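What follows is one structure encoded as C-alpha cells, with my remarks underneath.
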Amino acid sequence: MALDTTDSDVITHDDVTTHYRTCPLCEATCGLQITMKGDTVQRIRGDRDDVFSKGFICPKGSTLKQLHEDPDRLRRPLIRRGDHPATATWEEVTWDEAFAEIDRRLTAITAEHGRDAVAIYLGNPNAHNLSGFFYGRPLLKALGSRNIFSASTVDQMPKHVSCGLLFGSGDTIPVPDLDRTDHLLMLGANPVESNGSLCTAPDFPGRLTAIRERGGRVVVVDPRRTKTADLADEHVAIRPGTDAMLLLAMAHVLLRDDLADLGALAPHVSGLDELGAAISAFTPEAVSPATGIPVATIERLAAELAAAPTAAVYGRIGTSTAAFGTLASWAVDVLNILTGNLDRPGGAMFPLGAHQNERTPGPGRGFRTGRHASRVGGHPEVRSELPVAVLAEEIETPGEGQVRALITVAGNPALSTPNSDRLDAALGTLDLLVSVDIYRNETSRHAHVILPPPSPLAKSHYDVAFSTLSIRNVANWSEPIVDAEGPYEHEILARLALIASGMGADADPAIIDDLVLTTLLDRAVTSTSSPLHGAEPAALRSQITGDTAVDRIVDVMVRTGEYGDKFGHVPDGLSLAKLQANPHGIDLGPLQSRVPAAITTPSGTIELTPEPILGDLPRLEAALDVAATADLLLVGRRHVRSNNSWMHNMRVLVKGKPRCTLQVSPQDAARLGLTDGGTAKVTSRVGSLIAPVEVTDAIMTGVVSLPHGWGHDRPGTDMAVAEEFAGVNSNVLTDEAVLDPLSGTSALTAIPVDVVAA
Ligand code: SF4
C-alpha cells in the first residue's frame with residue numbers, strides 16, 4: 001500500500017483518495033475533507049487542517065455527497081412538451097438540441113419585441129460559483145436588457161446601497177472583527193443557524209463563545225430568542241421592522257450625552273455636523289413605543305457600546321429585508337463610526353481578498369442609483385438591477401418592453417420572492433423560460449428548456465465574493481474531484497451569451513473565455529500603480545495556468561491581486577499554482593485598517609449623511625406611530641439544515657421533527673385559540689395559507705414566524721423528497737407592494753397578518 005503525501009490535494013491510498021475542498025453551500029467557506037473510493041464519495045467531514053475553519057462543518061456540508069448522488073438532480077437538458085407544468089412531458093435532449101431550441105425562440109422574441117423583452121434572474125448560488133461570478137456579466141451584456149433581477153433584492157441590497165453612499169462602493173462592506181472584538185451587538189442576525197451572512201466566519205458560534213470567554217460581551221436584538229441569542233449575554237426583544245429606529249435612537253444618545261468619539265477616523269469623515277439635526281426626532285422616548293424597548297435599555301445599549309474598548313455593530317437579514325432596510329443598514333455603520341470602531345482592530349473592518357488590490361487614497365466616482373427605472377412601477381435601478389418584486393407586473397403588463405422571456409440561473413423566484421403565487425402564475429404565461437438549474441423545481445417546472453450544470457464536486461472553486469467579506473484575509477482553492485456529466489457551467493452561460501448576442505447556438509464559447517481574460521489582462525497592464533503597467537498582454541497570457549477557462553481567470557486575478565506574484569515580479573506572491581500546492585488554504589492574516597484607501601466617494605471621505613438617506617428619514621419618522629399600533633406581524637427564520645429552497649431534497653436534512661411551523665407565543669396562542677400541534681390559517685393582504693402551529697416562548701407576543709424556502713407541493717416538479725416534506729411557502733403571504741425605496745428590496749419581515757385556528 002502506497003501512501004502519497006505530497007503537497008497536492010489528493011492523497012492516495014490504493015484506489016481510496018482524499019481531497020480537500022471548500023464547501024460552496026454558504027458564506028462560511030468551511031474546509032472539507034472528502035474521501036473517495038474510485039468515483040464514489042465515501043465520506044465528507046470537516047478539514048481539521050483548513051487554515052480558517054479548522055475542522056468546523058455544519059450538517060449541510062457532508063450532504064454534498066447526497067446532492068452529488070441525488071437521482072432527481074438533472075444530468076441532461078430537458079425540453080418541455082405541453083403547455084401546463086402539471087400535464088407536460090419532459091424530453092431529454094442533447095446539449096446542441098437544447099441550445100438550438102433556445103436560439104430559435106429567443107432570437108425571434110428579441111427580433112419582434114426588442115431586448116427588454118428578455119429578463120434574467122440570478123439566484124443566490126451564483127455568488128458561490130466561479131462560473132456565475134465571471135460569466136454572469138458577459139451574459140447580461142449580451143442580453144442588453146434593463147430587466148435584470150436577482151436574489152439581492154430579497155436579501156442584502158440595502159447593505160450595498162448604504163455602503164455605496166457612505167464609502168463610495170456598494171462592495172466596500174465592513175465586517176465585524178469577531179476574533180478581536182470586546183463587544184458585539186447583532187441585530188436581525190442568527191449566525192448559529194445561518195452560519196453568517198455578509199460576514200464570512202466559519203464556526204461563527206465558536207467565535208461568539210470565544211468573545212465571552214475572553215471577557216467580552218455579546219448582545220442580540222431580535223423578535224425571537226434565537227439560538228444565537230441563547231449564546232449571548234443579553235437578548236433584547238424588538239418589534240419587527242423597527243431596527244432603524246432603535247439604532248438611530250442609540251446614535252441620538254451618543255451625540256446627546258457626548259459619547260461619540262470617532263478617534264483616528266475623524267479626519268476621514270464628513271457630515272458629522274449634520275447628523276444630529278437629521279436624527280433629532282429619534283429620541284429614546286419617541287422610539288421606545290415603536291420598538292417595544294424601554295428608554296433605559298436603549299440608553300444603556302448606547303452607553304455600553306461607547307464604553308467598550310472595541311466594539312462592532314452587525315446587522316443582517318432582519319435589518320435588511322425590511323421597509324427601512326437601507327436606513328437600518330446605514331445606521332449600523334453610523335454607530336460603528338460614532339464609536340470610533342470602524343476600520344480599527346476589534347471593530348468593523350474592510351477585508352481585502354487575494355484577488356483585490358489596494359488603491360491609492362483619493363476621491364472616487366461614488367455610488368448612484370436610478371440611471372433607469374422599471375417600466376410599470378417606475379422603481380429606480382440599483383446596481384443595474386430592478387426589484388424582483390416587480391418582475392410579475394413586468395410580465396403581466398402589456399406594452400413596449402413587456403417581459404416575454406426569462407432566463408433564470410440557479411434561482412427559484414417562484415418560491416423566494418414576495419407574493420409568489422402572483423409570480424408563479426405570471427411565469428406560466430411567458431413565451432420562453434430558460435432555467436439553468438440542477439432541479440425541476442417550482443420555477444423550472446415552467447421552463448421551456450432546462451440546462452443542468454454539473455455537480456458542485458465537478459467544479460473548481462475559489463471564493464471571489466466571500467473572501468471580500470471575510471473576518472480574516474484567506475485564499476483557498478478547490479480542484480474538481482469528479483468528472484462533469486455535461487458542459488461546465490461557464491460553457492453553458494457562454495453559449496447563452498453567444499445566442500443572446502446573435503452569434504448563434506453553434507458559436508464557440510471560447511470567444512467569451514477570451515473576452516473575460518482580455519478584460520482582466522488589459523486592466524492589469526493599464527493600472528499605473530501595478531508593476532505590470534505597460535506589460536504586453538500576450539506575454540502575460542502565455543504564463544497563465546489552469547485546466548479550464550475559469551481556472552485561468554482565477555490565476556490572473558490572484559497573480560495581479562494584492563498578494564499576487566505579479567507574473568514573476570513578486571517571487572513569493574500568490575498564483576493559482578501556489579494555491580493548488582496549499583490544499584488547506586493560505587492564511588493572509590488578520591484584517592488591516594484600510595481607510596482612507598478603501599474610500600471611493602467623490603469627496604474621498606466617509607460621507608456620513610448622504611442626501612438619499614436624509615431624504616428617507618421623514619418616512620421613518622412617520623412610521624414611529626404606525627409601528628407602535630401594529631397588531632400581529634410575521635417574520636421569517638433560518639434553520640441550519642435549510643439552505644433557502646434548494647437543499648430540501650436531501651432526506652438527511654429534512655427528516656425528523658417538522659420545521660416548517662408557525663411559531664406563536666403562548667400569550668398569542670391563548671388569545672387566538674391556537675394549540676401546539678394544531679393548525680392555523682394565516683392571512684395577509686396578498687394571500688393565505690394553513691400551517692402547523694408551534695407554541696413557544698422563544699417568540700415575542702404580537703409576532704409569528706414561518707421559515708422561508710418551503711412549499712414544495714406544486715405539480716410538475718421533480719424533487720421527490722422535497723415533495724414528501726413540502727411545508728408551506730411563506731412568500732404566499734409577503735407583499736410585493738412593500739419595498740425599501742432606496743434599494744428596491746422587498747420587506748419580507750414585519751408583514752401584518754391575521755391568524756385564526758384552522
Ligand atoms: S457552514 Fe456553510 S460552508 Fe460550512 S459546512 Fe455548513 S453549509 Fe458548508
Side-chain angles (χ1 to χ4, degrees), residues 19-35 41 43-68 70 123-130 132-133 151 155-156 175 178 189-210 226-228 231 316-317 351 353 410 438 455-457 459-472 474-478 481 583-585 637-654 659 707-709:
H19 307 257
Y20 299 96
R21 287 183 61 85
T22 304
C23 176
L25 294 177
C26 90
E27 299 186 29
T29 71
C30 300
L32 304 177
Q33 183 192 71
I34 304 179
T35 310
V41 179
R43 189 178 67 179
I44 300 180
R45 65 180 189 179
D47 173 12
R48 292 195 192 98
D49 295 322
D50 185 277
V51 296
F52 198 16
S53 61
K54 298 183 178 3
F56 177 83
I57 185 175
C58 87
K60 294 189 291 291
S62 65
T63 63
L64 283 171
K65 169 180 165 63
Q66 286 85 348
L67 179 65
H68 177 67
D70 187 352
N124 169 287
N126 286 289
H128 302 257
N129 179 354
L130 286 173
F133 218 90
D155 193 333
Q156 82 287 357
V175 299
L178 292 181
N190 187 8
V192 171
E193 301 281 8
S194 72
N195 284 302
S197 174
L198 294 186
C199 176
T200 288
D203 192 13
F204 212 126
R207 294 174 199 271
L208 295 180
T209 302
T226 61
K227 284 190 176 172
T228 304
L231 273 188
R316 266 313 291 135
I317 202 82
I438 58 174
S455 158
L457 299 180
K459 303 175 188 175
S460 48
H461 187 72
Y462 166 88
D463 269 302
V464 182
F466 303 114
S467 59
T468 70
L469 295 164
S470 175
I471 63 157
R472 279 187 83 84
V474 168
N476 212 327
W477 170 258
S478 304
I481 58 173
H584 307 292
R637 70 176 188 267
R638 290 289 299 256
H639 194 282
V640 71
R641 290 177 177 270
S642 267
N643 199 16
N644 299 322
S645 70
W646 72 277
M647 290 291 282
H648 289 159
N649 217 42
M650 307 299 105
R651 186 172 295 279
V652 67
L653 292 178
V654 294
R659 286 187 287 276
H708 71 279

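This one's a predicted model, so the numbers in the text were calculated from it and none came from an experiment. When a ligand or atom number is given, it counts from 1 through the structure's own listing order.
Of all atoms in ligand 1, listed by their number and element, those nearer than 4.0 Å to a heavy atom of K60 are 7 (S). Of all atoms in ligand 1, listed by their number and element, those nearer than 4.0 Å to a heavy atom of L25 are 7 (S). Within ligand 1, counting atoms from 1 as listed, the ones closer than 4.0 Å to a heavy atom of T29 are 3 (S). Applying the 4.0 Å criterion to heavy atoms of N195 picks out, from ligand 1, the atoms 1 (S). The ligand atoms of ligand 1 that sit less than 4.0 angstrom from a heavy atom of I57 are 5 (S). For ligand 1, the atoms closer than 4.0 angstrom to any heavy atom of G61 are 5 (S).
Atom 6 (Fe) of ligand 1 does not have C30 among its coordinating residues (no N/O/S atom, backbone or side chain, under 2.8 Å). Look at C26 and atom 8 (Fe) of ligand 1: no N/O/S atom of the residue is under 2.8 Å from the metal.
Residue contacts with ligand 1, taken as heavy atom pairs separated by less than 4.0 Å, do not involve L32 at all.
Summary of contacts: the protein heavy atom closest to atom 8 (Fe) of ligand 1 is C23 SG, 2.3 Å.
For R21 and D50, the salt-bridge test fails: no basic side-chain N is under 4.0 Å from an acidic carboxylate O.
Of the possible donor and acceptor atoms, one in the side chain of S478 sits under 3.5 Å from a partner among the backbone N and O of T22. The main-chain N or O of E27 is found under 3.5 Å from a side-chain atom of T200 such that the two form a donor-acceptor pair.
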